[in-house]
Asks: 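Before we start, here is the structure in question, set down as structure tokens.
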Amino acid sequence: MRLSRFHAPTLRDAPKEAELVSHALLLRAGFVRQLAAGIYTLLPLGVRTLRKIAAIVREELERAGAVEVLMPAIQPASLWKQSGRWDKYGPELLRLEDRKGNEFCVGPTHEEVIVDLVRRDVKSYRQLPLNLYQVQSKFRDEVRPRGGIIRAREFMMKDAYSFDADAEAAEKSYKDMFDAYHRIFERCGLDFRAVEADTGNIGGNLSHEFQALASSGEDAIVSCDSCEYTANTEKAAIGPVGTQAGDIQPGSMSSIATPGKRTVQDVTTFLGASPSDLLKTLIVDIDGVPTAAIVRGDHELNTIKLKLVLGADSVELAGEERVRKITGAPVGFAGPVGLEVPLIVDASVDVARGWIVGGNAADLHHKDAVLGRDTAEPRVLDIRLATHGDPCPRCNGSLREFRGIEVGHVFYLGTKYSEPMDLTFASQDGGTKPMIMGCYGIGISRIMAATIEQHHDDKGIRWPASIAPFEVAVLPLGKPGDDVFVAAEEIYNRCCHAGIDALFDDRKGRAGVKFADAELAGHPYQIVLGRNALADNVVELKSRATGETERVAIGDLVEHVKGLLAAPTGTA
RNA sequence: CGGGGUGUAGCGCAGUCUGGUAGCGCGCCAGCUUUGGGAGCUGGAUGUCGCAGGUUCGAAUCCUGCCACCCCGACCA
């Protein structure tokens with residue numbers, strides 16, 4: 001590609017709305033332009049990278065036995081009513097009506113459509129297993145799009161769906177996808193972790209997220225330092241904590257005035273205690289039933305875990321009014337003593353010792369309160385948010401915390417969709433059974449941003465060669481028409497013929513501009529041709545990843561570059 | 001949806017408090033010079049000052065309403 005005929009407008013300054021590195025660089029280097037909140041146009045460079053990512057995804061999925069389809073973006077509401085999600089999905093689902101008044105939505109995901117497709121034509125166990133996938137734009141009307149294309153409303157996604165005759169086969173499908181995902185993200189050059197995750201809206205009971213590690217990531221994950229355990233903090237279990245009280249017998253409970261001290265910090269500072277000496281009592285509505293969830297002052301409640309462990313449909317923190325009604329005190333003074341709702345206490349709370357707790361009255365706390373002695377008997381459950389340094393639930397190691405960008409997610413769905421939508425098949429024994437499903441997503445456009453978060457420097461992007469828009473940029477330092485340009489053009493042509501994705505910077509600009517643009521766009525290799533080098537019949541080959549330059553004889557150049565590009569994952 | 005912020009040329013910004021000819025840098029166009037790290041000189045083009053209404057002789061500036069975008073939170077395959 002000749003840069004003079006291309007369209008890669010670069011910006012010297014980053015638009016001020018771009019906070020994330022990846023967002024700023026995608027704009028500056030001319031990969032994307034924003035059209036509206038969370039809605040982006042991909043420019044030619046962006047399209048090239050997206051296609052390379054999609055090509056890797058397609059290759060690995062086909063290798064794992066999946067077959068590509070392409071479903072419509074617009075879906076009839078009737079299907080969503082059948083699955084029950086028309087009412088459940090909420091405002092994130094963009095709904096619309098056609099001219100006849102029929103209801104539709106813009107697909108945020110395609111379980112309904114794929115089930116409809118498969119139930120029409122797949123009737124027998126002989127046609128299973130089946131795995132269908134597509135690469136397509138999705139639309140989710142996010143409350144708050146952010147971070148450029150990291151969380152866009154319209155984005156490019158690969159979604160795959162597996163159909164199996166029994167659980168054993170379905171687990172194999174899941175495992176095959178899991179393995180394919182590892183290969184995909186490795187080939188994209190990402191540093192990632194597969195983590196155990198909550199299944200959220202999609203449902204099912206087995207799920208892994210693939211998280212690209214990045215300090216700017218939205219998701220918190222914990223990973224054991226000595227075993228394989230890795231989980232989203234939304235779900236992460238916490239190992240047993242030894243009790244610290246030992247033989248110390250707590251004294252009897254007494255009340256203390258704590259005027260105006262509402263927060264854990266205020267109360268413990270006022271009493272000269274540490275946050276780990278206090279119990280926070282949080283009023284939550286569990287499927288509408290008020291309950292007190294109790295965690296240590298230095299811990300955080302995890303409402304998702306609470307929901308999972310209780311098998312509840314919804315867990316919501318009570319509002320100010322409701323807290324006042326239930327505890328009889330303003331927010332900040334809730335405590336378990338005398339409270340007439342069920343108590344759930346976190347497993348890392350030592351029930352043998354005395355605690356500072358709220359007094360259920362304004363400006364009042366108790367100390368030396370012992371759970372079960374001074375309060376109703378609590379249920380003990382693992383309900384807090386895992387954090388750095390917590391014990392691993394699987395071994396004796398401890399958990400470390402990372403931040404990540406979710407680039408993929410695999411779900412074991414079971415019969416969540418096949419039952420309500422009547423997706424059945426004739427089994428070998430002559431009976432009729434619902435199919436066992438799995439679904440598997442990859443955020444193709446998000447990979448582009450996540451990769452930049454991991455691979456950049458102060459000059460710009462450093463693409464792994466596997467997904468770079470171009471593999472090399474040929475930079476002649478001269479004027480169009482002079483011998484340096486002519487030689488560069490010939491080198492460019494030879495690269496093209498050898499199957500190398502080359503960009504020829506045939507603009508009549510100065511050297512500095514060409515270098516700066518090439519570095520911004522992140523081409524893995526620059527082939528720099530100047531007058532002196534040409535006299536020696538060599539070029540300078542510069543690696544974007546290492547910044548190192550080597551002189552290579554023009555005659556050996558193509559083979560040399562091909563060798564570099566064939567190396568695993570290219571750069572960085 | 002709660003809190004905060006910003007809307008002035010393609011990008012980055014000043015001007016707004018205290019109303020009076022709409023500016024600066026980069027980019028863009030033309031010419032000359034320059035050509036190994038975002039060139040120099042000369043000349044030029046580009047604005048519904050987010051939108052609507054109001055106050056005023058006069059509004060980018062003051063008032064009212066609205067809209068868009070961004071950030072934090074809540075939310076979220």
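Throughout, protein chains are lettered first and strands after them, A, B, ... in sequence-line order, and every chain is numbered starting at 1.
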Asks: Among B/U6, B/C70, B/G37, which nucleotide sits nearest the side chain of A/K459?
Replies: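 My answer, after comparing the listed nucleotides, is B/G37.
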Asks: Would you classify A/K542 as touching base, sugar-phosphate or nothing, given that sugar-phosphate means primed atoms plus P, OP1 and OP2, and contacts are heavy atoms under 4.0 Å?
Replies: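 Base contact.
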Asks: With a 4.0 Å cut-off on heavy atoms, is A/E19 in touch with a base, just the backbone sugar-phosphate, or nothing at all?
Replies: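 Touches sugar-phosphate only.
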Asks: Rounded to whole angstroms, how far apart are CZ on A/R507 and C1' on B/G27?
Replies: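 About 13 Å, once rounded to whole Å.
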Asks: Could you tell me whether the phosphate oxygens of B/A39, OP1 or OP2, come under 4.0 Å of any side-chain nitrogen or oxygen in A/R510?
Replies: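 So the side-chain polar atoms of A/R510 do come within 4.0 Å of the phosphate oxygens OP1 or OP2 of B/A39, strictly under.
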Asks: Just call it for A/A14: base, sugar-phosphate, or nothing, with non-hydrogen atoms closer than 4.0 Å on any strand.
Replies: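 It contacts sugar-phosphate atoms only.
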Asks: Which is true for A/D159 with a 4.0 Å heavy-atom rule: it touches a base, it touches only sugar-phosphate, or it touches nothing?
Replies: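 Since no nucleic acid heavy atom lies under 4.0 Å of A/D159, the category is nothing.
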Asks: For A/E406, which contact category applies under a 4.0 Å heavy-atom criterion: base, sugar-phosphate, or nothing?
Replies: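 The answer is sugar-phosphate, as A/E406 gets under 4.0 Å only of primed atoms, P, OP1 or OP2.
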Asks: Between A/K307 and A/E234, does any NZ, NE, NH1 or NH2 come within less than 4.0 Å of an OD or OE carboxylate oxygen?
Replies: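 A salt bridge is absent here (no side-chain N lies under 4.0 Å from a carboxylate O).
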Asks: For the base of B/G38, is there a side-chain donor-acceptor partner from A/D517 under 3.5 Å away?
Replies: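 Answer is yes: a donor-acceptor pair is held.
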Asks: Would you mind reading off the distance between A/K508 atom NZ and B/G36 atom P, rounded to a whole angstrom?
Replies: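 Those two atoms, NZ and P, are 16 Å apart.
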Asks: On RNA chain B, does the nearest nucleotide to A/L477 precede the nearest nucleotide to A/G148 from the 5' side, or the other way round? Give the residue.
Replies: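 First, find each residue's nearest nucleotide; the 5'-ward one identifies A/L477.
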Asks: Between B/C72 and A/R144, is there an OP1 or OP2 to side-chain N/O distance shorter than 4.0 Å?
Replies: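 A/R144 to B/C72 OP1/OP2: side-chain N or O found under 4.0 Å.
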Asks: Taking only the C1' atom of each, what is the distance from B/G2 to B/U46 in whole angstrom?
Replies: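 Going atom to atom, C1' in each nucleotide, I get 41 Å.
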Asks: Could you label the plane-to-plane angle of the A/Y181 and A/F185 rings as parallel, tilted or perpendicular, counting under 30° as parallel and over 60° as perpendicular?
Replies: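 It falls in the perpendicular class, over 60°.
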Asks: Quick check: on RNA chain B, is the nucleotide nearest A/K158 upstream (toward 5') of the one nearest A/D13, or the reverse? Name the residue that is more 5'.
Replies: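 Counting from the 5' end, the first nearest nucleotide belongs to A/D13.
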Asks: Can you tell me the distance, in whole Å, between the CZ atom of A/R12 and the P atom of B/C13?
Replies: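 Distance check: A/R12 CZ to B/C13 P gives 15 Å.
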Asks: For A/R146 and B/C70, what is the distance between atoms CZ and C1' respectively, to the nearest whole Å?
Replies: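 Result: 12 Å.
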Asks: Would you please indicate yes or no on a ring centroid separation below 6.0 angstrom for A/Y40 and A/F31?
Replies: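 For A/F31 and A/Y40, the ring centres are not under 6.0 Å apart.
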Asks: Check every strand shown and say whether A/K16 touches a base, only sugar-phosphate, or nothing at a heavy-atom separation below 4.0 Å.
Replies: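 Answer is sugar-phosphate: A/K16 comes under 4.0 Å of backbone atoms only.
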Asks: Under a 3.5 Å cut-off for both contacts, is B/G73 paired Watson-Crick or G-U wobble with anything, and if yes, with which nucleotide?
Replies: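 Answer to the pairing question: B/C1, which forms a Watson-Crick or G-U pair with B/G73.
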Asks: Tell me yes or no: between the side chains of A/T549 and A/E540, is some donor less than 3.5 Å from an acceptor?
Replies: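 Looking only at side-chain atoms, A/E540 and A/T549 do not form any donor-acceptor pair under 3.5 Å.
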Asks: Look through every strand shown and name the nucleotide pairing with B/C28 as Watson-Crick or G-U wobble, where both distances are under 3.5 Å.
Replies: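 Its partner is B/G44 (Watson-Crick or G-U wobble, both distances under 3.5 Å).
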Asks: For nucleotides 40-47 of chain B, list the nitrogen or oxygen atoms of the protein found under 3.5 Å from its nitrogen or oxygen atoms, one pair per line.
Replies:
none

Asks: With sugar-phosphate meaning primed atoms plus P, OP1 and OP2, does A/A37 contact a base, only sugar-phosphate, or nothing at under 4.0 Å between heavy atoms?
Replies: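 Sugar-phosphate: the residue A/A37, judged by heavy atoms under 4.0 Å, touches backbone atoms but no base.
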Asks: For A/F210 together with A/H182, are the ring centres under 6.0 Å from each other?
Replies: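 So the answer is yes for these two rings.
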Asks: Once you apply a heavy-atom cut-off of 4.0 Å, does A/E209 come out as touching a base, just sugar-phosphate, or nothing?
Replies: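 No contact.
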Asks: Validate the cation-pi geometry between A/R95 and A/W86: distance from NZ or CZ to the six-membered ring centre under 6.0 Å, angle to the ring axis within 45°.
Replies: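 Ring-cation test returns yes.
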Asks: Counting the atoms with a prime plus P, OP1 and OP2 as sugar-phosphate, which does A/G147 contact under 4.0 Å by heavy atoms, base, sugar-phosphate, or nothing?
Replies: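 Sugar-phosphate, backbone atoms only, no base.
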